[in-house]
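Single-structure report; data block below.
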Amino acid sequence: MIGAELVNRTKDTSIIVISPNNQVESYIGLVVDMVNEVIPINPSQITPSIIDQNLGMVDSFDGTIRLNEQFINLVNIDALVQKIEDVK
């Protein structure tokens, strides 16, 4: 796992399966501690990321949406997959 400890598995632990670049022959599973809900978003809701990319946290954020007084940061999955490939 990149930059994180393994998730302690509980009844809430979930696996999110994604397909980078919409390639149906290539899938990645992301283990997360829990999923609250799946939220459809409209591209017009996306604003520039509130994360300071110069802090070296993650340089693959695509933007931020605000939903119910919360900020949700959007990760560019293709850039994340490239980081994983670079580490290998």
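Index from 1, following the sequence. Just so it is clear, the values below take in all heavy atoms, side chains as well, and ignore hydrogens, waters and symmetry mates.
- Ile41 has its side chain out of reach of Ile72: every pair of non-hydrogen atoms, C-beta onward, lies at least 4.5 Å apart.
- Only one option out of Val75, Asn76, Asn73 pairs with Asp62 in a side chain to side chain contact (heavy atoms under 4.5 Å, CB included); it is Asn76.
- Under the 4.5 Å side-chain contact rule for hydrophobic residues, Ile39 and Leu74 share a cluster.
- With a 4.5 Å cut-off on side-chain heavy atoms, Val31 and Thr13 count as touching.
- Note that CD1 of Ile65 and CD of Gln70 are 10.0 Å apart. Values are rounded to the nearest 0.5 Å.
- No side-chain donor-acceptor contact under 3.5 Å links Ser14 to the backbone of Met34.
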Worked check of side-chain contact (heavy atoms from CB on, under 4.5 Å) between Ile15 and Val17: CA-CA 6 Å; Ile15 299 173; Val17 179; 4.2 Å; yes
